[in-house]
**Q** 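Please read through the structure below; I'll follow up with questions.
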Amino acid sequence: MSTLAYFTARPDYALGRAFLLTFAVHAVLLAFMFIGVRMQNRPGDTVTVELWEAPPPPPVVEAPKPPPPPKVEAPTPEPEPEVKKPEIVEKAPPPKPKPKPEAKAPPKDDLEKLLMREQVAMEQRKLDEERRQIDEARRKADSEKTARQLAATARDKALNEYVNRIRFAVRQRWILPPDLQGNPQCIFKVVQIPSGDVIDVKLVKSSGNAAYDEAVHRAILASSPLPPPPAGVPFYRELELTFRPKD
């Protein structure tokens, strides 16, 4: 029997087993693929979770710091040219001041003269002060005297005006004698009260003409009450009045 005939006639049992095993493996693989696709298409189960604590805050993300500005280097200054200092000629030191001579105490005679001059100057100042006080007192007295004189002058002027007003009132009422000659003068003393009423008339000095004296006497009584004194003139209870027919 030849070799070819041996292999042709012998049945192959391993080939069939291999075919079956391959089919089983592919079937299992297809089953797994089918189950996997079904599981992926199935909606997921809803899970309810109850939170007992607030969730932690989200972490704070710090903003990135800007990069520092680039340093600009200043240009290096050019070195200044060296200036040669002028040669300084040393000056000679100034001469030292001469010491002042010490003041010597004045001799005894000079001291006595100095004291005497001071005493004379003090007495002179005292005399000048006394002279100044005397001059001031004199000026004050002269000023007061001048003021009194001015006041007396003003008073006399006002009194003269008052007397002239009384004389004018008397002249308006006298009747002089027709044979009166010259300008005879008579003086009367008139006593009045504050209202101006005349309470007494006395002849102090006669004119030598009885008719003229009597005419003036009657005119004074007829002028009662006399004019009142002006402002600034005090009231005079007794007045001495002089009358002349031609004044």
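Predicted model, so just to flag it, every value in this text is computed and none were measured.
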**Q** Can you name the closest pair of heavy atoms from P230 and A158 and give their distance?
**A**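 For P230 and A158, the tightest heavy-atom pair comes out as CG-O, 4.3 Å.
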**Q** Using side-chain contact (heavy atoms from CB on, under 4.5 Å), reason through R167 and T242 one step at a time and then give a plain yes or no.
**A** CA-CA 8 Å; R167 289 174 180 169; T242 301; 3.8 Å; yes
**Q** Taking the side chain as everything from C-beta on, heavy atoms only, tell me whether P227 gets closer than 4.5 Å to R165.
**A**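 A side-chain contact under 4.5 Å exists here.
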**Q** Hey, are the side chains of V201 and K189 touching, using non-hydrogen atoms and a 4.5 Å cut-off?
**A**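 Contact flag for V201/K189 side chains = no.
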**Q** Start with the C-alpha distance between H217 and L221, add both sets of side-chain angles, then the distance that settles side-chain contact (heavy atoms from CB on, under 4.5 Å), and finish with yes or no.
**A** CA-CA 7 Å; H217 184 274; L221 293 176; 3.5 Å; yes
**Q** May I ask you to test the V198-P225 pair for a side-chain heavy-atom distance under 4.5 Å?
**A**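 They are not in contact (no side-chain heavy atoms under 4.5 Å apart), so the answer is no.
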**Q** Just verifying a value: how many Å separate Y212 OH and Q181 CD, rounded to the nearest 0.5 Å?
**A**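 Spacing of OH (Y212) from CD (Q181) equals 14.5 Å.
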**Q** Quick one: CZ on R218 to CD1 on I220, what's the gap to the nearest 0.5 Å?
**A**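 It comes to 11.5 Å.
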**Q** What pair of heavy atoms forms the shortest contact from N183 to P245, and how long is it?
**A**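 So the minimum-distance heavy-atom pair works out to OD1-CD, 3.0 Å.
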**Q** Counting C-beta onward and ignoring hydrogens, is there a side-chain heavy-atom pair between Y236 and P229 closer than 4.5 Å?
**A**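 Not in contact.
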**Q** Can you tell if the side chain of R237 reaches within under 4.5 Å of the side chain of V191, non-hydrogen atoms only?
**A**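 Side chain of R237 against side chain of V191, heavy atoms only: contact under 4.5 Å found.
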**Q** To the nearest 0.5 Å, tell me how far D200 CG sits from E238 CD.
**A**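 One finds 9.0 Å between CG of D200 and CD of E238.
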**Q** Closest approach of C186 and D213, non-hydrogen atoms and distance?
**A**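 Taking C186 first and D213 second, the nearest heavy atoms are CB-OD1, 3.3 Å.
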**Q** Give me the atom names and distance for the closest heavy-atom approach of P177 to A215.
**A**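 Shortest heavy-atom separation between P177 and A215 comes out as CD-CB, 4.4 Å.
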**Q** Do L203 and I187 come within less than 4.5 Å of each other through their side chains, counting heavy atoms only?
**A**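 No, side chains not in contact.
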**Q** Go through the steps for K126 and E123 under the test salt bridge (Lys or Arg N to Asp or Glu O under 4.0 Å), then give the verdict.
**A** CA-CA 5 Å; K126 185 177 180 180; E123 292 178 356; over 6 Å; no
**Q** Starting at NE2 of H26, measure out to CG of L21 and round the result to the nearest 0.5 Å.
**A**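 Answer for the NE2-CG pair, H26 versus L21, is 10.5 Å.
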**Q** Where do A169 and R173 come nearest, in terms of heavy atoms and distance?
**A**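 Nearest pair, atom of A169 first, then R173: O-NH1, 3.2 Å.
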**Q** In the structure I gave you, are the side-chain heavy atoms of R148 and K145 within less than 4.5 Å of one another anywhere?
**A**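 A side-chain contact under 4.5 Å exists here.
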**Q** Are any non-hydrogen side-chain atoms of L239 and F188 less than 4.5 angstrom apart?
**A**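 The answer is no; the side chains never approach within 4.5 Å.
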**Q** Quick one: list whatever passes side-chain contact (heavy atoms from CB on, under 4.5 Å) with S195, sequence neighbours left out.
**A**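 So S195 forms a side-chain contact (heavy atoms from CB on, under 4.5 Å) with I193, D197.
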**Q** So that I can tick it off, tell me whether D135 and R138 are bridged by a salt bridge, with the cut-off set at under 4.0 angstrom between side-chain N and carboxylate O.
**A**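 Between D135 and R138 there is a salt bridge, with a charged N closer than 4.0 Å to a carboxylate O.
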**Q** CD1 of I175: more than 12 outside heavy atoms within 6.0 angstrom?
**A**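 Incorrect, the count does not exceed 12.
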**Q** Rounded at 0.5 Å granularity, tell me how far CD1 in I166 sits from CD in Q192.
**A**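 Reported value, rounded in 0.5 Å steps: 6.0 Å.
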**Q** Is the shortest distance from a Lys or Arg side-chain nitrogen in R125 or D128 to a carboxylate oxygen in the other one below 4.0 Å?
**A**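 No salt bridge links R125 with D128.
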**Q** I need the minimum non-hydrogen distance between L180 and N209, along with the two atoms involved.
**A**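 Result for this residue pair: CD1-ND2, 3.3 Å.
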**Q** Would you call R139 and E136 a salt bridge, taking side-chain N to carboxylate O under 4.0 Å as the test?
**A**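 No, no charged N to carboxylate O under 4.0 Å.
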**Q** Can you measure from CZ (R171) to CG (N164) and round to the nearest 0.5 angstrom?
**A**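 Rounded to the nearest 0.5 Å, the CZ-CG separation comes out at 7.5 Å.
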